[in-house]
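Everything on this sheet refers to the single structure shown next.
Per chain, numbering begins at 1; letters A, B, ... match sequence-line order.
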2 protein chains.
Amino acid sequence: MFIFVVAKNIYNGAMNYEPINYEALLRTHQLKATPQRIGILNAMHTHGHITIDTLYSDIKKEFSAISLATLYKNIHQMMDATLVTEVKIAQQKTLYEITKAAHAHLACDRCGSVYDIAIDATPLVAQQSPLSQHRIESAQITFTGVCQGCLTKGA
Amino acid sequence: MFIFVVAKNIYNGAMNYEPINYEALLRTHQLKATPQRIGILNAMHTHGHITIDTLYSDIKKEFSAISLATLYKNIHQMMDATLVTEVKIAQQKTLYEITKAAHAHLACDRCGSVYDIAIDATPLVAQQSPLSQHRIESAQITFTGVCQGCLTKGA
DNA sequence: CATTCTATGGATAATTTTTTTCCTTTAGAT
DNA sequence: ATCTAAAGGAAAAAAATTATCCATAGAATG
């Protein structure tokens, strides 16, 4: 038997039971639910994580007049509201994703793609914090290696 | 009894037995040992990790005419040679450090400082790789929390 | 449902960060 | 000591990010 305890109105990319209500998600985070913001969240959701360029070209299909400044402004507002997370990986362009259940990333050395890896860093944090003179609260993990696709087709 | 197996000419920031021979380190990595490069490595070493701005103002004390382009060009060459590592942390400026023994970083939520955390990610990689459809080879870990300094002086 | 107030979007420009180009100088091999 | 490919410096260009200004649109209020 599995018990899913789902906090109300927390986005979880892995649980696509029903279409995501971006309006409610925005309001929960004290942000106005504008069409542009909904579009941004939608693009992030369909891509999992997204660069500013992909987001820009994607969203222009719906809002041809949208400006990059609008994207940056909104991304930062959503980051301040912890609704969006910035993902920085060495040698890669910055990615943005809807804040979701803890997970790691794999950056493929060969093709550069970034994949989500299901992992709970809680034990790592719990283990490290007492060893450190700092108070450790969370962990962001980026793995590097070779992705499934490259393994299959490559040597 | 402790046995230290130290690969020859690998930089290890933690082992300051003797002054680091940057010339040899550069040559080992097939890079010409120019004074500017030695200065860059020296600044990285004394700071542990460094932003481009700090590096620039630091190194100008020795090479007043050095240009930012020279820094970026060299950093990239050293990164290609795996002598330097780029550290990207969300909400922070990119840091550069001499590639050293595996370690994690702690980014303080309060003051923004970044500290090194001694940790060997090998077990994490070994544990995750078989669980994944990808081949996982290494891990970069960034912890967030509150650093010792802020803990002491703050609430 | 209309009105009002405030936050948002879009245009534009300014900053900041990073990369490129071109020419002179230098490290390191011969 | 000489030679040559690589490196440094100056300058500009390109890319990424942020700020400013004003018209407009959410959403709260009556």
When only distance counts, do a donor and an acceptor, one from the side chain of A:Lys32 and one from the base of C:dG9, lie under 3.5 Å apart? no
Please tell me if A:Ser67 has a side-chain N or O lying less than 4.0 Å from either OP1 or OP2 of C:dA11. no
Verify same cluster id: B:Leu31, B:Tyr96 (apolar side-chain graph, 4.5 Å): yes
Comparing B:Leu31 and B:Asp53 on DNA chain C - which has the more 5′ nearest nucleotide: B:Asp53
Just to verify, which of A:Glu97, A:Gln92, A:Gln140 counts as forming a side-chain hydrogen bond (donor to acceptor under 3.5 Å, both in side chains) with A:His105? A:Glu97
Single-linkage hydrophobic cluster, 4.5 Å side-chain cutoff, B:Ile52 and B:Ile89 together: no
Rounded to whole Å, how long is the line connecting atom CG of A:Asn74 with atom P of C:dG9? 4 Å
Residue-phosphate contact under 4.0 Å: A:Arg27 side-chain N/O, D:dG26 OP1/OP2: no
Please report, rounded to the nearest Å, how far the C1' atom of C:dT20 is from the CG atom of B:Leu71. 16 Å
A:Gln77 and A:Asn74: side-chain donor and acceptor closer than 3.5 Å? yes
Find which nucleotide of DNA chain C each of B:Ala33 and B:Tyr72 is nearest to by heavy atoms, and output the residue with the more 5' nucleotide. B:Tyr72
d(CG, B:Leu95; C1', C:dT18) in whole Å: 16 Å
Kindly say if B:Thr34 contacts the phosphate of D:dG8, meaning a side-chain N or O under 4.0 Å from OP1 or OP2. yes
When you measure from the side-chain N and O atoms of B:Thr70 to the phosphate of D:dG9, is any distance below 4.0 Å, counting only OP1 and OP2? yes
Measure NZ/A:Lys93 against P/C:dT17 and give the value in whole Å, please. 17 Å
Out of C:dT19, D:dG26, C:dG9, minimum distance to the side chain of B:His76 belongs to C:dT19
d(CG, B:Leu68; P, D:dA14) in whole Å: 19 Å
Whole-Å distance, A:Gln92 CD to D:dA15 P, equals 18 Å
Under 4.5 Å between any side-chain heavy atoms of B:Arg135 and A:Leu151, yes or no? yes
Short side-chain N/O contact from A:Gln77 to OP1 or OP2 of C:dT8, under 4.0 Å: yes
Would one find a side-chain N or O of A:Gln36 under 4.0 angstrom from OP1 or OP2 of C:dT8? no
Length of the line joining A:Arg37:CZ and D:dA25:P, which is rounded to integer Å: 15 Å
Expressed in angstrom and rounded to an integer, what is the separation of B:Leu26 atom CG from D:dA6 atom P? 16 Å
Side chain of A:Ala69: nearest nucleotide among C:dT19, C:dT12, C:dG9? C:dT12
